*Asks:* 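Take a look at this one; I'll ask things after.
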Amino acid sequence: MRMIEQNEIFLLQGVSYFDLARTLDCGQCFRWRLCDDGFWEGVAAGRFCRVRQRRSVLLFTDTDRQSIRDFWIPYFSLDVDYAALCRDFRSDPVLAQAMDFAPGIRLLRQEPWETLCSFIISQNNHIPRIRGIIERLCALLGEPLPGGMSSFPSPEQLARCTLEDLAPLRSGFRAKYLLDAAQKVLCGAVDLRAIGQMDPDAAREKLTGICGVGPKVADCVLLYAYNRTQVVPMDVWMKRVLAVLYPDGFPKHFSPYWGIAQQFLFHYARSHAGLLRAPL
DNA sequence: CGCCAGGTATGAT
DNA sequence: ATCATACATGGC
């Protein structure tokens, strides 16, 4: 990969095994929007940018060279050798089919606090509605950023709120969970920095101490924010995949990376609902 | 209009 | 331990 600049637009060339649209639209993140001009715009960790893909080239605007190198490349996992990973995955026929159906999905490295809140909101909810709630949350409590979007509100900002303050989010029963998460993170009962140093079982134990955080939400945080690639969040779709496509369990061979494989399988399952819907 | 959603807390066996 | 049920809301 190499980066060149053409009047305010940064071009990242030689990008492979990457599909921007699928990566941003596969249910791991909720704050990116496709604009009419083909650019995706979004905010991550308090940074706004616009990005578009043309074959093996990524075009960035509203950011700078250093942010791309130090933040956006790791954010999109463009520093990870997916060629080797996908070659390995291909030895499994089910995974090969899922990757052929929708190649290029990469695991994002997202900010832990935002990821925690996002997946608290995700429970028993539709993806379009998850997006709406998060958008209203950021507009209500986040800091305005250049570009028109707002940052994700900090634990402090959220902890200052009452349930009534959060009513405009229309987040239903989840609002009290958000407040509990904010309080526990603010007072140090849950130390998001320390969780980054813990093994997945200890981390899961800590996270599920937050009201509204069960095993599925905790695992989403471990995978999508802490890059614990061995963790597989078991939602209804992955349970169906397991029951129908892997009746003898997931092959052990890829165990350090099953979380990444999960992304292809999750997307494949949702796109073939008819084949997988009935059983559980 | 009902059905259901990237689940979890709660109370009952 | 395991199992059923309620849960707020609105996209489809």
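Chain letters run A, B, ... following the sequence lines, proteins first and then strands; every chain starts at 1. Owing to the predicted nature of the structure, the values given are computational and were not obtained by experimental measurement.
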*Asks:* Can you check whether any acceptor in the base of C/dT9 is under 3.5 Å from a donor in the side chain of A/Arg170, or vice versa?
*Replies:*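 Such a pair does not exist between side chain and base.
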
*Asks:* Anything under 3.5 Å between a donor and an acceptor, one on a side chain of residues 254-264 of chain A, the other on a protein residue two or more places apart or in another chain? List them.
*Replies:*
{"from": "A/Ser255", "atom 1": "OG", "to": "A/Lys252", "atom 2": "O", "distance (Å)": "3.1"}
{"from": "A/Trp258", "atom 1": "NE1", "to": "A/Pro251", "atom 2": "O", "distance (Å)": "2.8"}
{"from": "A/Gln262", "atom 1": "NE2", "to": "A/Gly259", "atom 2": "O", "distance (Å)": "3.0"}
{"from": "A/Gln263", "atom 1": "OE1", "to": "A/Leu107", "atom 2": "N", "distance (Å)": "3.2"}
{"from": "A/Gln263", "atom 1": "NE2", "to": "A/Gln28", "atom 2": "OE1", "distance (Å)": "3.1"}

*Asks:* For nucleotides C/dT5 and B/dC3, find the distance between their P atoms and express it as a whole number of Å.
*Replies:*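 Roughly 15 Å separates the two P atoms.
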
*Asks:* Between atom CD1 in A/Ile133 and atom C1' in C/dC7, what is the gap in whole Å?
*Replies:*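 To the nearest whole Å, that distance equals 13 Å.
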
*Asks:* Examine A/Phe152 and A/Phe48 and state if one hydrophobic cluster contains both, with Ile, Leu, Val, Met, Phe, Trp and Tyr joined whenever side-chain heavy atoms are less than 4.5 Å apart.
*Replies:*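 No.
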
*Asks:* Find the distance A/Arg136:CZ to C/dT9:P and express it as a whole number of Å.
*Replies:*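 Taking atom P of C/dT9 as the reference, CZ of A/Arg136 is at 11 Å.
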
*Asks:* Would you state whether a donor and an acceptor, one from the side chain of A/His126 and one from the base of C/dG10, lie under 3.5 Å apart?
*Replies:*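 Result: at least one qualifying N/O pair found.
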
*Asks:* Expressed as a whole number of angstroms, how long is the span from A/Trp237:CH2 to B/dC4:C1'?
*Replies:*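 Going from A/Trp237 (CH2) to B/dC4 (C1'), I get 11 Å.
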
*Asks:* Would you tell me whether A/Ser122 and A/Asn125 have side-chain atoms, one donor and one acceptor, within less than 3.5 Å of each other?
*Replies:*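 The criterion, which ignores hydrogens and geometry beyond distance, is not satisfied for A/Asn125 and A/Ser122.
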
*Asks:* Do nucleotides 7-13 of chain B as a string where each nucleotide becomes B, S or -: B if the base has a protein heavy atom under 4.0 Å, S if just the sugar-phosphate does, - if no protein is that close.
*Replies:* BSS----

*Asks:* Can you tell me the distance, in whole Å, between the CZ atom of A/Arg240 and the P atom of B/dC4?
*Replies:*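 Value for this atom pair: 11 Å.
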
*Asks:* Please determine whether any donor N or O and acceptor N or O are separated by less than 3.5 Å between the side chain of A/Arg174 and the base of C/dA8.
*Replies:*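 By the distance-only test, yes, there is a pair.
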
*Asks:* Output the rounded distance in Å from CG (A/Asp219) to P (B/dG6).
*Replies:*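 Rounded to the whole Å, the gap is 18 Å.
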
*Asks:* Does this structure show an ion pair linking A/Asp70 with A/Arg47, if we count only N-O contacts that are shorter than 4.0 Å?
*Replies:*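 No, this pair does not count.
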
*Asks:* Decide, yes or no, whether a salt bridge links A/Asp201 with A/Arg204 under the criterion of side-chain N to carboxylate O below 4.0 Å.
*Replies:*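 Looking at A/Asp201 and A/Arg204, the cut-off is met.
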
*Asks:* Roughly how far apart, to the nearest Å, are B/dC1 and C/dG10 at atom C1'?
*Replies:*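 My reading of the C1' atoms in B/dC1 and C/dG10 gives 13 Å.
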
*Asks:* Has A/Lys239 got a side-chain N or O lying under 4.0 Å from the OP1 or OP2 atom of B/dG6?
*Replies:*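 So the side-chain polar atoms of A/Lys239 never come under 4.0 Å of the phosphate oxygens OP1 or OP2 of B/dG6.
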
*Asks:* Distance check needed: B/dA5 C1' versus A/Phe30 CZ, whole Å only.
*Replies:*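 From A/Phe30 CZ to B/dA5 C1': 12 Å.
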
*Asks:* Grab the CZ-C1' distance between A/Arg270 and C/dG11 for me, whole Å please.
*Replies:*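 Atom-to-atom, A/Arg270 to C/dG11, this comes out as 12 Å.
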
*Asks:* When you measure only distances, ignoring hydrogens and angles, does the side chain of A/Gln263 come within 3.5 Å of the base of B/dG6 through a donor and an acceptor?
*Replies:*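 Absent.
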
*Asks:* Please give the distance between the P atoms of C/dA8 and B/dG11 as a whole number of Å.
*Replies:*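 Between the two P atoms, the distance is 14 Å.
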
*Asks:* Whole angstrom is fine here: how far is it from CD1 in A/Ile130 over to P in B/dA5?
*Replies:*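 These atoms are roughly 12 Å apart.
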
*Asks:* Looking at A/Glu205, I want to see if its CD is surrounded by more than 12 non-hydrogen atoms of other residues, nucleotides or ligands under 6.0 Å.
*Replies:*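 No, CD of A/Glu205 has 12 or fewer neighbouring heavy atoms, counting only those of other groups under 6.0 Å.
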
*Asks:* Can A/Arg52 and A/Asp62 be counted as an ion pair, charged N to O under 4.0 angstrom?
*Replies:*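 No, this pair does not count.
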
